[in-house]
Amino acid sequence: MKIPHSIVAQYEAFIDKYGLLASSVKEVMNRDVKNERWLYLYRLKSIESFYVKAQTRRWSAVKEDIFACTIVVENASQILDAIKLLKNFFVLQYRRPEDSGFTKKRPDSFVFDDLRLYLTLKERDSNPETENLVFECQVKTFLQHAWSIATHDLIYKPKELVDWASARVAYQVKAMLEHAEVAISEVESISNSMLLSLTNNDYESRMAISNDLREFNVDLGENINRVLDNIISLLKNWGYSWNQVWEWVKQDTAKGDGCGLKQLRFSIYEIVIDSILGHDTNSISKYKKYLQRFPEQQILVPTELMDVHPELEAIGKNVSSF
């Protein structure tokens, strides 16, 4: 596209200042706003986008997104957290939509309407070049961001004229993702639906073990399902039931072992193994029989546990031997 020289000159005058703004905003975002689970993205408008935006005659909108950024949060429940942080560390000038409880969209419309905040730097973070420069900050969930990435060029910057069918598919996808967003945000209330009020043996087993361990304040860490599945799988392969092994663990705990071994940095996985070895003299030979069929299924045995039970060498391996 041919762009008049005067437009190019004006753009270049703008872009230097907004480049400084971008650097300052990025520093504040990384320092004060985003966490390790959120994503921060930004861009400076290209000369062609700047020129075409000016042609819309929406003059107030021309400057406000020369520099624009996005905060991507995990789900809709964290959008308010992001807004609070942005208002704390920047100066909010205005927002679109103005009211989070009101939309101009028809219920059968799924056009772009993500939250945009229009901000300026606080005095402590600005300089004469960047003070009072407004920039746009979109706050999105990862699902909203996925739709933007997948359809942005199709909707806004197509290489050819977009046909009705392509646009239709893009907005159908947005509708599906919005439905998924609602389901994720309201998972607790939706899960109480009569249609979903179900369970199965696997989940019942997990819940039973989790309830037992909670009584003894056993820390299951962040990967609770994986921890419980590992215990269930180990006991099944070894030929024990949870109720049987849990009785042994409780007996050991009453004597200062069992769950008391947490003080030795033993997780519930090592505690279960320790109790099995302490209560069943045939436990090693039982697992050896299992290994005859599945020789690659040796038990993970940390050095601390091997020091207490050297007999585990016959059925286990250490991380260092991987």
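The structure displayed is predicted, hence computed values, not measured ones.
Side chains of I284 and L312 form a contact here, defined as non-hydrogen atoms less than 4.5 Å apart. For the pair L228/L213, a side-chain contact is recorded, criterion being any heavy-atom separation below 4.5 Å from C-beta on. You'll find the side chain of L115 reaches within 4.5 Å of the side chain of R95, heavy atoms only. Side-chain contact between V134 and N132 is absent, with no heavy-atom pair separated by less than 4.5 Å. Side chains of I209 and I232 form a contact here, defined as non-hydrogen atoms less than 4.5 Å apart. Between I315 and K286, every side-chain heavy-atom pair lies at or beyond the 4.5 Å cut-off. In this structure, L291 and Q298 have side chains that are in contact, with non-hydrogen atoms separated by less than 4.5 Å.
V301 and G316 get closest at one heavy-atom pair: CG2-CA, 3.8 Å. Nearest heavy atoms, W242 versus D212: NE1-OD2, 2.7 Å. Considering all non-hydrogen atoms of both residues, T120 and F90 come closest at O-CB, 3.6 Å. The two residues V62 and A54 make their nearest non-hydrogen contact at CG2-CA, 3.8 Å.
Taking the six-membered ring where the residue is Trp, Y42 and Y40 present parallel rings, their angle staying beneath 30° rather than reaching 60°. Classification of the W238-Y240 ring pair by plane angle, with boundaries at 30° and 60°, yields perpendicular.
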Quiz item: side chain to side chain contact (heavy atoms under 4.5 Å, CB included) between C137 and L86: does it pass, once the steps are laid out?
Solution: CA-CA 9 Å; C137 182; L86 289 167; 3.9 Å; yes

Practice problem: For the pair W248 and D280, evaluate side chain to side chain contact (heavy atoms under 4.5 Å, CB included) and give the outcome as yes or no after the intermediate values. | Solution: CA-CA 10 Å; W248 292 342; D280 185 359; 4.1 Å; yes

Practice problem: Please lay out, stage by stage, how D274 and V308 fare under the test side chain to side chain contact (heavy atoms under 4.5 Å, CB included). | Solution: CA-CA 9 Å; D274 177 75; V308 178; 4.3 Å; yes

Self-check item: Intermediate values then yes/no, side-chain hydrogen bond (donor to acceptor under 3.5 Å, both in side chains), Y94 and E64
Solution: CA-CA 11 Å; Y94 49 96; E64 66 187 14; 2.6 Å; yes

Quiz item: R226 and L220: side chain to side chain contact (heavy atoms under 4.5 Å, CB included), yes or no, with the steps?
Solution: CA-CA 9 Å; R226 175 64 62 83; L220 296 177; over 6 Å; no

Exercise. Determine, stepwise, if the pair S24 / D125 fulfils side-chain hydrogen bond (donor to acceptor under 3.5 Å, both in side chains).
Key: CA-CA 7 Å; S24 298; D125 299 307; over 6 Å; no

Exercise. Assess whether ring-ring contact (aromatic ring centres under 6.0 Å, His included) is satisfied between Y11 and F14, documenting all intermediate values.
Key: CA-CA 5 Å; Y11 171 81; F14 281 145; 8.3 Å; no

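For the atom pair CZ of F89 and NZ of K122, the computed distance is 7.5 Å after rounding to the nearest 0.5 Å.
At a threshold of 4.0 Å, the pair E129-K17 does not count as salt-bridged, since none of the basic side-chain nitrogens sits closer than that to a carboxylate oxygen. Ion pairing of K236 with D229 is absent here, as no side-chain N (NZ or NE/NH1/NH2) approaches a carboxylate O to less than 4.0 Å. Ion pairing between D65 and K53 holds under the 4.0 Å rule for side-chain N and carboxylate O. Between K87 and D32 there is no salt bridge, since no side-chain N of the basic residue sits under 4.0 Å from a carboxylate O of the acidic one.
Annotation: cation-pi geometry satisfied between R96 and Y118 (NZ/CZ under 6.0 angstrom from ring centroid, within 45° of ring axis).
Residues I83 and L39 do not share a hydrophobic cluster, defined by chaining ILVMFWY side chains whose heavy atoms lie under 4.5 Å apart. In terms of hydrophobic clustering, with Ile, Leu, Val, Met, Phe, Trp and Tyr side chains grouped at heavy-atom distances under 4.5 Å, I79 and L41 are assigned to different clusters.
For S77, the side chain to side chain donor-acceptor pair (under 3.5 Å) partners at least two apart in sequence or on another chain are N75. Under the side chain to side chain donor-acceptor pair (under 3.5 Å) criterion, N243 pairs with no residue, sequence neighbours left out.
Applying the side chain to side chain contact (heavy atoms under 4.5 Å, CB included) test between Y287 and each of I299, I276, N282 identifies I299 as the sole match. Shown are V25, T130, L117; of these, the side chain to side chain contact (heavy atoms under 4.5 Å, CB included) with F135 is made only by V25.
Sparse packing is recorded around CZ of R37, with 12 or fewer heavy atoms of other residues, nucleotides or ligands lying under 6.0 Å away. Summarising the local packing, CD of E131 is surrounded by more than 12 heavy atoms from other residues, nucleotides or ligands at distances under 6.0 Å. The neighbour count for E36 CD, taken as heavy atoms of other residues, nucleotides or ligands under 6.0 Å away, does not exceed 12.
You'll find the ring centres of F216 and W246 inside the 6.0 Å limit.
Under the 3.5 Å distance criterion, the side-chain polar atoms of Q144 are matched with a main-chain donor or acceptor of T141. A donor-acceptor pair under 3.5 Å is formed between the side chain of E270 and the backbone N or O of S267.
A side-chain N or O of E136 and one of Q138 form a donor-acceptor pair less than 3.5 Å apart.
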